[in-house]
Amino acid sequence: MGRLPRLDLWVTSPRDRRIKCGDWRVRPTRVGDASGMAPDTVTRLIAGASAAVALSSLCWTIVSWRMSGPALRFHCLWYQEALVIRVFNAGRVADTVEQMELGGTKRTALTEILELPTRVEPGQSKRWVVGADHLPEERKAVLSGGWCSLWVLTGSMRRRRSEIVPVPEATPPPSGWRLVPRRAKLARFTPLAAGIAASLICTPGMGDLADAVFWTLVVGLFAWFFSRLVFPAPQFGRRKVERRVSLLAVAQGLLSYPIVYGVEPVTELSTPAQVAVSLLAVIGFYLAVPSFGDSWVETPQGVRDAAKTAWARIRTRESAEMSTMGISGAVSEVKSEQPNDFSVAPLVHSGAPNGAQRTARQRCPQARPPAEPAP
């Protein structure tokens with residue numbers, strides 16, 4: 001290798017004096033790489049940027065294609081004396097609202113009350129107010145607890161669901177507006193997520209995954225308390241149940257972590273702990289499915305009514321069986337008390353007397369045969 005070129009380094013002092021620092025040897029770098037990076041690194045960066053731009057373009061194309069059709073947004077609020085329904089078409093094509101119903105498996109139709117179907121143009125919004133007098137009493141209790149959903153059938157034959165959030169006011173405000181928070185749809189999945197997280201933590205042998213889930217629960221718990229202080233959420237029956245189940249699952253996961261992955265890790269949890277974790281996960285799944293929650297967890301009265309109906313069916317079946325046994329026993333006693341002092345005539349006979357006797361016995365099997373005339 002040849003001798004490197006010589007270069008004198010001069011430094012400018014604060015007093016504008018040039019000071020010679022000595023001789024330096026300059027080592028030449030690769031041609032075309034002024035930053036000192038290898039060409040393959042620059043190529044990878046360019047390829048990654050190109051892939052990111054292409055992926056962003058594809059996502060935007062999909063979003064634009066989705067927005068090219070109708071996009072109906074629903075907001076439902078339940079006051080103490082009225083149900084307010086708002087619909088807005090955020091798409092680029094008009095759509096039709098065909099039918100509306102309240103509830104889960106057992107539903108209350110609103111199609112005739114709202115005079116549907118109706119057409120919603122792009123950028124247009126409509127508002128309906130349904131008085132409490134048009135709804136049954138049991139549906140009002142379900143709406144007040146937040147267990148009810150709005151089911152809509154659109155003109156494109158798509159079924160949409162919207163959360164109905166109860167508010168403490170009696171009637172809608174005369175001025176201003178109030179909308180459903182966007183996190184309302186995701187709130188029903190919180191117990192399920194907490195139950196799954198607790199199950200992962202309570203499962204021995206998860207290792208790093210259990211550590212990540214544990215710290216995620218800790219951070220999520222602090223974030224939830226902070227959000228409750230800054231953004232107060234509405235208080236009603238369903239939210240209280242979801243909050244309690246979620247807190248129970250988080251508490252069980254946090255308390256089980258040092259037991260499962262402590263100084264002396266265990267290989268298997270006790271049976272009560274396993275049952276508790278499984279039960280919380282099942283309850284979370286139960287609350288996440290709208291049809292289950294809207295139908296059976298509406299009010300405690302619904303559970304009691306179902307139990308009473310099942311018990312009434314059992315009692316009815318038992319009484320029917322007892323009555324059938326009593327009737328058959330009475331018939332057998334009556335047959336045993338009646339005398340049978342004559343023999344049944346054969347089916348084929350010749351002659352009038354025997355034919356007349358067979359006809360009489362067919363009409364009244366328990367009657368005595370007529371006396372034969374004297375010669």
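Every value quoted in this text rests on a predicted model; they were computed, and no experiment measured them.
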Quiz item: Is the backbone of Pro168 close enough, under 3.5 Å, to the side chain of Gln80 for a donor and an acceptor to pair up by distance?
Solution: yes
Self-check item: Residues Glu121, Arg119: salt bridge by 4.0 Å N-O rule
Solution: yes
Quiz item: Can you tell me how far the CD1 atom of Ile201 sits from the CG atom of Leu254, to the nearest 0.5 Å?
Solution: 6.0 Å
Practice problem: May I ask you to test the Arg159-Trp151 pair for a side-chain heavy-atom distance under 4.5 Å? | Solution: yes
Exercise. Answer yes if Val218 and Leu221 sit in the same cluster of Ile, Leu, Val, Met, Phe, Trp and Tyr residues linked by side chain heavy atoms under 4.5 Å apart, and no otherwise.
Key: yes
Self-check item: Over all atoms of both residues, closest heavy-atom pair of Pro191 and Val245
Solution: CB-CG1, 3.9 Å
Exercise. Report the distance from atom CG of Leu110 to atom CG of Leu116, rounding to the nearest 0.5 Å.
Key: 8.0 Å
Quiz item: Heavy-atom distance under 4.5 Å between the side chains of Val167 and Arg178, does that happen here?
Solution: yes
Self-check item: Closest non-hydrogen atom pair, Phe189 against Ala288
Solution: CD2-CB, 3.9 Å
Practice problem: May I have the step-by-step check of side chain to side chain contact (heavy atoms under 4.5 Å, CB included) for Arg86 and Lys126, ending in yes or no? | Solution: CA-CA 6 Å; Arg86 294 176 180 269; Lys126 291 190 177 184; over 6 Å; no
Quiz item: Can Val142 and Trp147 be said to form a side chain to side chain contact (heavy atoms under 4.5 Å, CB included), step by step?
Solution: CA-CA 6 Å; Val142 175; Trp147 298 105; 3.8 Å; yes
Quiz item: With hydrophobic residues grouped by side-chain heavy-atom distances under 4.5 Å, do Val213 and Trp215 end up in a single group?
Solution: yes
Quiz item: Applying the side-chain contact (heavy atoms from CB on, under 4.5 Å) test to Leu280, which of Ile196, Val275, Leu192, Leu248 qualifies?
Solution: Leu248
Self-check item: Non-hydrogen atoms of Glu101 and Ala109 that approach each other most closely
Solution: CG-CA, 4.2 Å
Self-check item: Minimal non-hydrogen separation, Tyr79 against Pro173, with atom names
Solution: OH-CD, 3.6 Å
Practice problem: Output the distance between atom CZ (Arg107) and atom SG (Cys148), rounded to the nearest 0.5 Å. | Solution: 10.0 Å
Quiz item: So, for Ala194 and Ser246, which heavy atoms are closest and what is the spacing to 0.1 Å?
Solution: CB-O, 3.9 Å
Quiz item: Just how far is it from atom CG of Leu150 to atom CZ of Phe74, taken to the nearest 0.5 Å?
Solution: 7.0 Å
Quiz item: How long is the gap from CE on Met100 to OG on Ser162, to the nearest 0.5 Å?
Solution: 9.0 Å
Practice problem: Return the minimal non-hydrogen interatomic distance between Ala184 and Arg239, and the atom names on each side. | Solution: O-NH2, 3.4 Å
Quiz item: Cluster question for you: counting only ILVMFWY and a side-chain heavy-atom cut-off of under 4.5 Å, with indirect links fine, are Leu153 and Leu72 together?
Solution: no
Exercise. Could you tell me whether the side chain of Asn89 and the main chain of Val93 form a donor-acceptor pair under 3.5 Å?
Key: yes
Quiz item: Under 3.5 Å, side chain of Arg92 to main-chain N/O of Pro70, donor-acceptor pair present?
Solution: no
Exercise. Find out whether Leu279 and Ile283 are in side-chain contact, i.e. whether some heavy atom of one side chain is under 4.5 Å from a heavy atom of the other.
Key: yes
Quiz item: So, does Ser57 use its side chain to make a donor-acceptor pair with the main chain of Val53 at under 3.5 Å?
Solution: no
Exercise. For side chain to side chain contact (heavy atoms under 4.5 Å, CB included), just list the numbers for Leu143 and Ile164, CA-CA rounded to whole Å, side-chain angles, deciding distance to a tenth of an Å, and then say yes or no.
Key: CA-CA 7 Å; Leu143 287 169; Ile164 301 179; 4.0 Å; yes
Exercise. Using a 4.5 Å cut-off on heavy atoms from C-beta on, say whether the side chain of Leu102 contacts that of Leu135.
Key: yes
Quiz prompt | Asp208 and Asp211, any side-chain heavy atoms less than 4.5 Å apart | solution = yes
Quiz item: Would Ser144 and Phe236 satisfy side chain to side chain contact (heavy atoms under 4.5 Å, CB included), going step by step from the backbone distance to the final call?
Solution: CA-CA 7 Å; Ser144 300; Phe236 49 90; over 6 Å; no
Quiz item: Tell me, do Val120 and Thr96 make a side-chain contact under 4.5 Å, heavy atoms counted?
Solution: no
Practice problem: Identify whether Phe225 and Val250 are in the same connected component of the hydrophobic contact network (ILVMFWY, side-chain heavy atoms under 4.5 Å). | Solution: yes
Practice problem: Can you measure from CD (Glu169) to CG (Leu77) and round to the nearest 0.5 angstrom? | Solution: 9.5 Å
Quiz item: Glu163 and side chain to side chain donor-acceptor pair (under 3.5 Å): which partner among His75, Arg188, Lys185?
Solution: Arg188
Quiz item: Would you say Leu247 and Trp224 make side-chain contact, with heavy atoms under 4.5 Å?
Solution: yes
Quiz prompt | Same apolar cluster: Phe88 and Val152, side chain cutoff 4.5 Å | solution = no
Quiz item: Heavy-atom distance under 4.5 Å between the side chains of Ser256 and Cys202, does that happen here?
Solution: yes
